[in-house]
Amino acid sequence: QKEVEQNSGPLSVPEGAIASLNCTYSDRVSQSFFWYRQYSGKSPELIMSIYSNGDKEDGRFTAQLNKASQYVSLLIRDSQPSDSATYLCAVNGFSDNQFYFGTGTSLTVIP
Amino acid sequence: EAGVTQFPSHSVIEKGQTVTLRCDPISGHDNLYWYRRVMGKEIKFLLHFVKESKQDESGMPNNRFLAERTGGTYSTLKVQPAELEDSGVYFCASSQARLSQETQYFGPGTRLLVL
């Protein structure tokens with residue numbers, strides 16, 4: 001059983017701070033990792049994808065991947081109230097092309 | 001470009017009734033996936049179509065669930081007869097190519113409540 005673990009939160013940070021979201025996964029051969037943001041009642045929306053060890057930056061978002069530790073994280077710099085949402089970590093199974101999701105971390109950015 | 005659409009957005013039915021959910025993927029996307037999120041749990045895979053063919057249906061809970069994708073365009077997911085434990089949010093996603101790095105684009109989901 002492939003598992004993806006996230007801290008469900010809620011995580012609260014003040015506006016302008018850095019929000020750090022973490023995710024671990026159990027399947028060592030996973031190749032692709034995705035962070036989705038989901039506002040209540042809306043579609044999960046892709047924020048970042050990462051495939052190689054290290055950091056990947058896109059605007060205020062940085063994804064970090066460490067395959068040896070089976071760990072992927074998302075940093076949100078200069079957090080804004082509009083970043084308040086649930087963040088889903090998804091891992092693509094190498095052999096089956098399914099997405100395996102964590103339960104999501106609820107983030108609240110306090111103005 | 002239109003995203004993935006799903007219909008209905010909400011459905012409330014009684015135990016034993018039948019419900020059919022519809023998903024329209026992004027135009028040109030051969031891959032279509034169904035997922036389900038039961039309250040408090042993670043989103044879980046149900047099945048995967050490549051065009052009109054079922055590529056993987058290992059996540060389907062039981063034979064009360066039937067998915068079709070006639071013509072390789074939109075897909076339907078029928079639950080018959082519905083049980084209480086079928087309540088949850090049913091998501092559809094689509095992608096263009098069957099690659100492990102391919103992003104899956106999600107629809108808004110259908111919220112199903114079985115009473």
Side-chain angles (χ1 to χ4, degrees), chain A residues 1-10 21 23-53 56 58 63 65 67 72 85-106, chain B residues 1-10 23-26 29-50 53-60 88-113:
Chain A
Q1 175 72 18
K2 299 172 185 174
E3 293 183 349
V4 178
E5 300 284 344
Q6 291 182 256
N7 187 333
S8 61
L21 306 165
C23 174
T24 59
Y25 58 95
S26 64
D27 186 4
R28 281 198 161 275
V29 298
S30 296
Q31 297 292 310
S32 310
F33 308 86
F34 304 83
W35 282 100
Y36 285 83
R37 177 178 63 196
Q38 187 179 23
Y39 295 112
S40 180
K42 301 296 185 183
S43 312
E45 172 194 8
L46 181 71
I47 297 297
M48 293 281 285
S49 58
I50 186 167
Y51 314 114
S52 304
N53 279 329
K56 178 181 178 183
D58 183 1
L65 175 61
K67 290 186 178 180
V72 58
T86 295
Y87 289 80
L88 301 167
C89 174
V91 176
N92 194 316
F94 178 71
S95 59
D96 55 22
N97 209 39
Q98 297 178 18
F99 271 26
Y100 294 85
F101 283 89
T103 53
T105 297
S106 174
Chain B
E1 178 182 304
V4 177
T5 58
Q6 293 186 243
F7 183 83
S9 59
H10 295 79
C23 168
D24 287 78
I26 293 172
H29 282 194
D30 287 341
N31 294 276
L32 187 149
Y33 306 82
W34 283 98
Y35 292 86
R36 176 174 74 173
R37 183 169 195 166
V38 173
M39 185 175 289
K41 302 289 187 181
E42 68 274 20
I43 297 172
K44 281 196 170 179
F45 170 84
L46 295 177
L47 88 158
H48 170 207
F49 284 99
V50 178
S53 300
K54 291 177 186 174
Q55 189 70 25
D56 181 354
E57 51 185 334
S58 61
M60 294 287 263
V89 183
Y90 290 77
F91 290 102
C92 176
S94 71
S95 68
Q96 191 164 28
R98 190 181 181 279
L99 301 172
S100 64
Q101 295 188 356
E102 186 73 14
T103 297
Q104 295 182 17
Y105 297 90
F106 281 77
T110 294
R111 282 145 189 81
L112 174 65
L113 178 60

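Reminder, nothing fancy here: chain letters follow the sequence lines and each chain counts from 1. Below, all heavy atoms of this structure are taken into account, side chains as well, without hydrogens, waters or symmetry copies.
Under the 4.5 Å side-chain criterion, counting only non-hydrogen atoms from C-beta, A:Cys89 is in contact with A:Val72. Using a 4.5 Å heavy-atom threshold, the side chains of B:Pro8 and B:Thr110 count as touching.
Taking A:Gly104, A:Gly41, A:Gly102, A:Ala90 one by one and counting their heavy-atom pairs under 4.5 Å with chain B, the maximum is reached by A:Gly41. Of the listed residues B:Ala93, B:Ser9, B:Ser58, B:Pro108, the one with more heavy-atom pairs under 4.5 angstrom with chain A than any other is B:Pro108.
Between A:Tyr25 and A:Phe33, the ring-plane angle classifies as tilted under the 30° and 60° cut-offs.
With a 4.5 angstrom heavy-atom cutoff, A:Gln38 touches chain B only via side-chain atoms.
A distance of 6.0 Å or more separates the ring centres of B:Phe106 and A:Phe34.
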